[in-house]
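What follows is one structure encoded as structure tokens, with my remarks underneath.
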Amino acid sequence: MELPQTLSMSAVSSTLGIFERKKKRDVHLGDRIFFWVLRLLAIGVMLLLLGITLNLLRVSFPIFSKFGLSYFVTNTWNPVTEKFGAGAFIYGTVVSSLIALVISVPISIGVSVFLTELAPRRLAEAVGFLVEMLAAIPSVVYGLWGIFVLAPWLRTTLQPALASTFGFLPLFQGPPYGIGMLTAGIILAIMISPTISAICREVFKAISLQQREAALALGATRWETISLAVLKSSASGIFGAVILGLGRALGETMAVTMVIGNRADISASLFAPGQTMASVIANEYAEATSDMHLAALSAVGLALFLVSFLINSSARFLVWRATRKSKGARA
Amino acid sequence: MLKTNIFAVLTLAFLGATSVMAANNPVLLNGAGATFPYPLYSKWFSEYAKANPSARINYQSIGSGGGIRQLLENTVDFGASDAPMTDEQLGKSKTPVLHIPTVLGAVAVTYNLPDLKQKIRLNSEVLAAIFLGKITKWSDPALAKLNPGVNFPKELPIVVAHRSDGSGTSAIFTDYLSKVSPEWREKVGAGTAVSWPTGLGGKGNEGVTGVIKQTPGSIGYVELIYAESNKLPVAQLQNKSKKFIEPSMKSVTSAASGSLASLPADFRVSITDAAGAESYPISGFTYLLVYQTMPADKGTTLVKFLKWAIADGQKMAEPLFYAPLPKAMIGKVAKKINEIKTH
């Protein structure tokens, strides 16, 4: 956040410098030093990223030399016998994040449409503020709320209801513990909603008023205006928002750890406990003493790092494409 | 805002500097390790520093595993662990490492049976069978046999809760189960983190307690300190002498006394399933890990502190729910402390 601002300030001051003394182009020694310091800092960040990747590779090397790439697909995790496979954690991360998306995406898009298109300005501001407040709650608080409020409610109300209505699906079978994959997914859905709805709102706001007016002028109803002029033309922006929310869900640790039940198992039922990549690292790293166990945890970290990296870069790309398009449309 | 912050930082730095000067350059010892004894250790270190301004001890409670790692990498002056170091780990250290037991901890079995007034009784076979997932209902005849007169709820499934994070508590608990159940030893084994055959994992004592409180029919294990301070229902366990014992500081110290006869010279011992009529079976020492040879100033300070810890320090243990070392053991530990050499 700070870097671009200071950079632009340096640009301003250097142009001022040019106006003051027209003979030399880059005059102030201070400016040049400033520029180089900032450049070094920027390079430093990239080196840090590279260093983290290399270090993760180095520490997790014993795992890959022993188990190979099958490490990523097997799901035994036994620190006592030192047999490790991260399949169950990758599965847990992906499934809990998917549940979160299924719940959160429609709600978030709905909220943003309501706030930008339908709600009176005052109400929109108040509700928008409240939604964004959700992002400020520490994840451990979500976790505690999950254990003490959400899980009991799921166990006594929602899960029995799901089991009796959709019990024929393997997704909703098995004993309702209240704690498990579904609970983690719901908590994550609440946690990523502010991210998705905030970005969607920005994307919707970027669409020009003329486009909406054009739709109205063609005789579109309000719903048609929203779906044609707003939703359709911002599809890739929405997608970017969803991907960013997904990125957050993939990496969330504390709240998930507290409610997912922490079991290295792949189970068809959403009621069953599971475990995610982030939670197994948080759980076991402090007390892991054997080299193999540490290597296995680092390899989980590497997997998580790669997945998050892929998702974040694809989100960047999509948002970039969306903004370029909307700018093009305006011009 | 920023100005006040800077001012506050400067004042603090100044105060810190003056207090350091007043203490005449105290010897600074850095330690890291187990979280379980942290409340006691932090009290020890602050009380000791008050009485001896020439010493300052910093302790980071990063977990036993982290403590051992830092000790092996020579980044701390001492480590702390709930489980003794393995031979393999000791072999990695450049200087020999001594284990100094400080206090004892125990693991309590706690449960959620809402309509039950009396405490339940368990023996090692039933406990192992429950955690192996072989006894799955509270109405199981094995439970009824151990608890005559107790009306267990019919058809209520048993939900096992265990620690999901690696912890000394799990290490002591699984060590006990491995000792008393060959099937457990073969299928699961012992360690700070194991592959649990059944149940839900909660993070930390509070996570396990959260699962148990919210789930009728659940059973799990937590540190005794945690069970006592939160007034959780705890099961009585049958010990080696076939008596049913409730976990308490007394019954834990008794377990240590019961193991005195077989105490090895380096104190690296598990005292689960200990002998003695009053001994609670799931308990263990927690250790400070120190180098056998240390630089003169740090070494003498640490030796002094350790001697204080096993004398005056023991009195602070009980109010914080830690079981003190048995009296008969203090002399042996003092001898071990004297083995620390300075150069």
Side-chain angles (χ1 to χ4, degrees), chain A residues 75-85 88 140 143-156 174-180 183 253-265 271-275 279-291 293-294 296-297, chain B residues 33-35 61-69 72 81-83 85-86 88-89 92 136 157 159-171 174 178 185 187-204 206-218:
Chain A
N75 67 335
T76 41
W77 185 267
N78 192 336
V80 179
T81 55
E82 301 205 328
K83 283 207 175 67
F84 297 107
V140 65
L144 285 174
W145 178 78
I147 289 185
F148 289 107
V149 182
L150 183 64
W153 179 73
L154 286 179
R155 179 171 53 78
T156 53
Y177 296 120
I179 275 176
T183 322
T253 311
M254 198 58 205
V256 172
T257 308
M258 289 168 85
V259 298
I260 200 169
N262 299 298
R263 186 157 184 71
D265 229 349
F271 295 172
Q275 196 160 14
S279 69
V280 70
I281 298 173
N283 271 322
E284 293 185 8
Y285 192 79
E287 293 289 338
T289 41
S290 81
D291 290 344
H293 194 183
L294 275 177
L297 290 171
Chain B
T35 47
S61 57
I62 56 171
S64 299
I68 292 173
R69 278 206 298 279
L72 293 179
S81 175
D82 295 332
M85 288 167 71
T86 60
E88 190 196 340
Q89 288 164 347
K92 278 189 206 159
T136 55
V159 178
V160 168
H162 56 78
R163 289 281 289 269
S164 64
D165 49 332
S167 83
T169 313
S170 296
T174 51
S178 300
R185 186 168 56 234
K187 281 192 182 159
V188 186
T192 54
V194 300
S195 173
W196 294 93
T198 179
L200 302 169
K203 185 164 164 56
E206 63 282 2
V208 172
T209 313
V211 173
I212 291 174
K213 277 195 172 157
Q214 302 306 327
T215 319
S218 57

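By convention in this document, chain letters (A, B, ...) are assigned in the order of the sequence lines, proteins followed by strands, and residues within each chain are numbered from 1.
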Side chain, backbone, both or neither of [X] within contact of chain A (heavy atoms, under 4.5 Å):
X	value
Ile62(B)	backbone
Ala190(B)	backbone
Gln89(B)	side chain
Ser64(B)	both
Val194(B)	both

*Are the charged groups of Lys92(B) and Asp291(A) less than 4.0 angstrom apart, N to O?*
yes

*Mind listing the closest non-hydrogen atom pair of Ile147(A) and Ala151(A) along with its distance?*
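Between these two residues, the closest heavy atoms are O-CB, 3.7 Å.
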
_Ile260(A) portion near chain B, given a 4.5 angstrom heavy-atom threshold_ =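 No part of it gets close to chain B.
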
*Under a 4.5 Å heavy-atom cutoff, which of Gly63(B), Ser164(B), Ala34(B), Gly199(B) has the most pairs with chain A?*
Ser164(B)

Within the side chain of [X], is there an N or O that forms a donor-acceptor pair under 3.5 Å with the backbone of [Y]?
X	Y	answer
Ser170(B)	Ala193(B)	no
Arg163(B)	Gly168(B)	no
Ser218(B)	Thr215(B)	yes

*If you tally heavy-atom pairs under 4.5 Å against chain B, which of Glu287(A), Met258(A), Glu284(A), Gln275(A) wins?*
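Most heavy-atom pairs within the cutoff with chain B belong to Glu287(A).
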
*Heavy-atom side-chain contact between Phe84(A) and Thr76(A) under 4.5 Å*: no

